[in-house]
Amino acid sequence: MVVKIAVLVSGRGSNLQAIIDSIERGYIKNAEINVVISNKADAYALERARSHGVNAVFLDPSEYDKAGYDREILNVLKRDNTDLLLLAGYFRLLGNEIIEAYRNKILNIHPSLLPAFKGLHAQKQAFEYGVKVAGCTVHFVDEGLDSGPIIIQSCVPVLQGDTEETLTDRILEKEHIIYPEAVRLFVEGKLKIEGTNVVFLN
Ligand code: GRF
């Protein structure tokens, strides 16, 4: 069986690219990205998708109310028989209707070691706090903010002389490793949720 993946994006799409590359290289097998949906017309992620022959859709939030927008996303997901939904730099809160319809089938990447530094500008929050170790997290999405069961985390040192930008770049490199890895584990059916904990099968 081929796992059909949909990806929600808002911007640059470097994590989307990492996942596309992992599928093309055969690191993630038996999966395909069927659609990439953006809430921003000029998201570079849309171009990345198209250049790999992936259907790329801009859904304009100004044309719907919040519930209507999520319903429209849900229509696209159902039409494409989506099995797995990935949030990859999607800067909008996902409505409960989608979360319920895709319970335990939505993953997100967040640029901090959750549960620290939830929400926007996580790298800036970590940098300004003065932590000595930072990192990123792939987790299942639930109704809370960056709060679902954690699948993989990766950490990086915060070095003397770092700026918010150098730290952000160091974290991003790790994001591009752990997001494809988490998707691979999901696609291979190796993730089991037990309460707030994710257990790896085999
Ligand atoms: C990444 O830092 C991701 O962790 C956060 O948004 C950023 C998206 O970057 N959720 P990109 O669009 O994948 O390049």
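Keep in mind that this is a model prediction, so the values were computed, not measured.
Scored by the side-chain hydrogen bond (donor to acceptor under 3.5 Å, both in side chains) test, E47 finds no partners at all (sequence neighbours excluded). For T168, the side-chain hydrogen bond (donor to acceptor under 3.5 Å, both in side chains) test picks out no residue, with sequence neighbours left out. Judged as a side-chain hydrogen bond (donor to acceptor under 3.5 Å, both in side chains), and not counting sequence neighbours, Y129 has no contacts. Qualifying side-chain contact (heavy atoms from CB on, under 4.5 Å) partners for E32, counting only residues two or more places apart in sequence or in other chains: V2, K4, N34. Residues passing the side-chain contact (heavy atoms from CB on, under 4.5 Å) test with K105 are Y102, F186, sequence neighbours excluded. Remark: S38 engages no residue in a side-chain hydrogen bond (donor to acceptor under 3.5 Å, both in side chains) (not counting sequence neighbours). Not counting sequence neighbours, the partners of P157 by the side-chain contact (heavy atoms from CB on, under 4.5 Å) test are L159, R170.
No side-chain heavy atom of I171 sits under 4.5 Å from any side-chain heavy atom of K174. Taking 4.5 Å as the limit, every side-chain heavy atom of N55 sits out of range of all side-chain heavy atoms of V36. Between E164 and F127, the closest side-chain pair of non-hydrogen atoms falls below 4.5 Å. Looking at I152 and V198, their side chains never come closer than 4.5 Å, going by heavy atoms from C-beta outward. For the pair I73 and L59, the minimum side-chain heavy-atom distance is below 4.5 Å. Residues F91 and L120 form a side-chain contact, since some pair of their non-hydrogen atoms from C-beta on lies under 4.5 Å apart. By the 4.5 Å heavy-atom criterion applied to side chains, L191 and I151 are counted as neighbours. Using a 4.5 Å heavy-atom threshold, the side chains of L8 and L85 count as touching.
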- Message: Is there a side-chain contact (heavy atoms from CB on, under 4.5 Å) between V133 and V158? Walk through the geometry before answering.
- Response: CA-CA 5 Å; V133 176; V158 182; 5.8 Å; no
- Evaluation steps, side-chain contact (heavy atoms from CB on, under 4.5 Å), between L94 and L87: CA-CA 9 Å; L94 210 54; L87 311 187; 4.1 Å; yes
- Message: Could you walk me through whether I5 and L86 satisfy the side-chain contact (heavy atoms from CB on, under 4.5 Å) test, starting with their C-alpha distance in whole Å, then the side-chain angles of each, then the deciding distance to 0.1 Å, before giving a yes or no?
- Response: CA-CA 7 Å; I5 301 174; L86 303 179; 3.6 Å; yes
- Task: Evaluate the side-chain contact (heavy atoms from CB on, under 4.5 Å) criterion for residues I178 and C136: first the C-alpha distance (whole Å), next the side-chain angles of each, then the deciding distance (0.1 Å), finally the verdict.
- Result: CA-CA 8 Å; I178 66 169; C136 48; 3.6 Å; yes
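Remark: E143 engages R103 in a salt bridge, criterion side-chain N to carboxylate O under 4.0 Å.
Nearest heavy-atom pair across K40 and S10 is CG-O, 3.3 Å. Residues A88 and V9 approach most closely at O-CG1, 3.6 Å, considering heavy atoms. Residues L93 and L145 approach most closely at CD2-CD1, 4.3 Å, considering heavy atoms.
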Quiz: residues 108-117 side-chain donor-acceptor pairs under 3.5 angstrom, not counting sequence neighbours:
from	atom 1	to	atom 2	distance (Å)
N108	ND2	H139	NE2	3.2
H110	ND1	D146	OD2	3.4
H110	NE2	S112	OG	3.4
H110	NE2	F117	O	2.8
S112	OG	A116	O	2.6
S112	OG	F117	O	3.2

Sequence neighbours left out, cut at 3.5 Å: what donor-acceptor pairs do the side chains of residues 13-22 make with other protein atoms?
from	atom 1	to	atom 2	distance (Å)
S14	OG	H176	NE2	2.8
N15	ND2	E175	OE1	3.0
Q17	OE1	R48	NH1	3.3
Q17	NE2	D21	OD1	3.1
Q17	NE2	H52	NE2	3.2
S22	OG	A18	O	2.8

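Here ring-ring contact (aromatic ring centres under 6.0 Å, His included) pairs that include residues 55-79, with residues two or more places apart or in two chains, are Y64-Y69. Applying the side chain to side chain donor-acceptor pair (under 3.5 Å) rule to pairs touching residues 193-202 yields K192-E194, sequence neighbours excluded. For residues 81-98, the set of pairs meeting the side chain to side chain donor-acceptor pair (under 3.5 Å) definition, not counting sequence neighbours, is empty.
Side-chain atoms of K124 do not come within 3.5 Å of backbone N or O of H121 as any donor-acceptor pair. The closest donor-acceptor contact from the side chain of Q123 to the backbone of L167 lies at 3.5 Å or more, if one exists at all.
The environment of I193 atom CD1 is dense: over 12 non-hydrogen atoms of other residues, nucleotides or ligands sit within 6.0 angstrom.
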